[in-house]
Structure formats: structure tokens, C-alpha cells
Amino acid sequence: MWLKKLWRKFLGLFGKKTLRLGLYGPPNGGKTTLANRICADWLGEEMGSTSRIAHETRKIMLKERVTINGEGGKSIVFSLADTPGIATRIDYEDFVREGIPEKEAKQRAKEAADGVVESIAWLDEADCVVVVLDATKEPFNQVNTMLIENLERREVPMIVVANKIDLKRASVDRIQTAFPQHEVLGISAKHGDNIERFYELLFELATKVH
Amino acid sequence: MSHRCVKCGLLFEDDSSVIRDGCACGSRAFLYVRVEKTKISRHVESEGDGKYSIDVLGAFERKKEAVTEATVESAEDGCFEINVEQLLKEKKA
């Protein structure tokens, strides 16, 4: 681990450092929608498919060299990782209820469980993280709490976003109250609400990476 | 102690070059697990439709292996209980 960090520092002496940014959070929070928004805004292409059914992303999707331009000609370069949603229980019957055939649902459940482990394993690679939470849902649960606490303990710079603020049931305050130690930014990845502020925070995040 | 590939579930001994070079499946992420050398083999055993005695993720079935690192259990056909807390602890810096 320390050797990898040293190597990256060495590479950083000779060019612009590429930061590894991971989008993390529970399933169906809008991680892929946000990844698609970032890629569409800065690369002109989307990253992955989205669905109303949870666990649509079951493998880490990586987009290399996403350059984001800021004020005064500044830019940052990210490797963007869209990760599978983290959950403590995955039941194939949830997929069956959404109309997926049983055999396919069981395979999907296994892949989703695989994806959770892969997501957490990739935390070792991440320089910084965006925690994507669904603003319409109760944020104070085991997964959200453990994820944020673990990132804090590891001193991984992070932004917490409350996504889906375009929906009536959304409440940024509810998420801010659950995690008062972080400034929570309300966004709509789907419609682009507050996305400029999000990019500003990404710049600030990049400065916190050692 | 051994290393298990988080992607394909293969187990490798401590001194395996795979740990340094990456697994044949392309993954470079391994979980550090306690397992006897004799058990180092592919642990993906299908017991029928959607049912696994030891799942592909590198977790162990507690009843069989009695290891503390259990992180993912196939509790019943097609259902998975994931010990996120344990996984995060294993990844603690």
C-alpha cells in the first residue's frame, strides 16, 4: 500500500496526477446516474445503464481520465469508478417482484453480493469518495453509517451528496441531520440541479488528497 | 494464511506470485483469509439452482469452516447475508 502511494507521488512529479474517485452508497441512490452526468458533461458520453430496480450495477465500472475544468484554467483529472451498491442483505425475491424470472433473479442476487465485496475491496484504490445517498429515503441505517464512519477512520476525503432532490419526498435536511459532521450537498444527478456546486466541491476534494 | 481473489473466489498461498501480479480473472484485489493449505482450491461449489455451499466471493460458510472472517453467507436459495461491517474492518487501513 505505502509503495503504491510512493509510486503515485513519484509519477505526480512528472505530470498531472490522476485521482481515483469512487462513487459509493446504497443501491438505487443514483450513483450510475451521477456517473453518467459527470461523463456526459465532461466526455460527451454516458457510462452505464440505470434502472428503477436495485443492483443494476453489479460490477465496478471504471472511466479513465475524466478531466474536469474549473475557473482560471485549472483542471483535475479523475479515474471515475461507479461501484455496485452496498447492502447487508440481497434476496432474489426482491427481483422476482420486479418481474425478473426466478433463475435470472438468483443469478442477479449472486452477482449483486459479489459486487458488494468488490466495491469494498476497491476502497483501497480510492483517493477520494463521493457518498451518494437517496434524499427521499431514511439515511440513518447500518450501511450508510458504517460506510461513512469507515471512510472517516481511513481519512479518505469525501463528499456526501443527497441525490434526487427533484422528487417531492426529498429532504436534504434529513441527511444533514444524520451526518452533521459533513456538509451535505443536495443534487439531482438526473436533472443537473446543483451540479455546478458539486463540481466546485470536487475541486476542493482534490486539494484534500495527500 | 491465504489470499482469496474477490472476483473469482480462487484461493492462493501466501507466497504465490499471483498476489503480486494479479489473478488470471483480471482482479488484483484479494481478501486475507485463514484457511488450511489443503483447502486451497476453487471453492465455488454449486449445489443446484442458485445455491452454493461456499460462495464465489471468498466468504466461508461458518458451519463448515468455523472461521471468523465470514463475510457473505448464502443463507438460503438465492439469498445472501453480507457482513458489511466485517468487510469494512478487513479493509481498514
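So that the names make sense, note that chain A is the first sequence line, chain B the second, and so on, each numbered from 1.
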Visitor: Side chains of residues 180-187 of chain A: which donor-acceptor pairs under 3.5 Å do they make with residues two or more places apart or in other chains?
Guide:
residue: A:Gln181; atom: NE2; partner: A:Glu152; partner atom: OE2; Å: 2.7
residue: A:His182; atom: NE2; partner: A:Glu152; partner atom: OE2; Å: 2.7

Visitor: With chain B as the partner chain, list the residues of residues 128-148 of chain A whose heavy atoms fall under 4.5 Å from it, by residue number, and write 'none' if nothing qualifies.
Guide: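 Within residues 128-148 of chain A, near chain B: A:Met146, A:Leu147.
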Visitor: Looking at CD of B:Glu85 and OG1 of A:Thr88, how far apart are the two atoms once the value is rounded to the nearest 0.5 Å?
Guide: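 Output value for this atom pair is 11.0 Å.
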Visitor: Check whether A:Ala112 gets within reach of chain B through its side chain, its backbone, both or neither, counting any heavy atom under 4.5 Å.
Guide: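 Contact with chain B involves no heavy atom of A:Ala112 at all.
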Visitor: Of all residues at least two apart in sequence or in a different chain, which pass the side chain to side chain donor-acceptor pair (under 3.5 Å) check with A:Asp41?
Guide: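 Per chain and number, A:Asp41 pairs via side chain to side chain donor-acceptor pair (under 3.5 Å) with A:Tyr199.
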Visitor: To the nearest 0.5 Å, how far apart are CD1 in B:Ile82 and CD1 in A:Ile86?
Guide: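 B:Ile82 CD1 to A:Ile86 CD1: 9.5 Å, rounded to 0.5 Å.
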Visitor: Suppose the criterion is salt bridge (charged side-chain N to carboxylate O under 4.0 Å, His left out): which pairs have a residue in residues 198-207 of chain A, not counting sequence neighbours?
Guide: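 Matches after skipping sequence neighbours: A:Arg197-A:Glu200, A:Arg197-A:Glu204.
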Visitor: Measure the SG-NZ distance between B:Cys79 and A:Lys110 for me, rounded to the nearest 0.5 Å.
Guide: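 That separation rounds to 14.5 Å.
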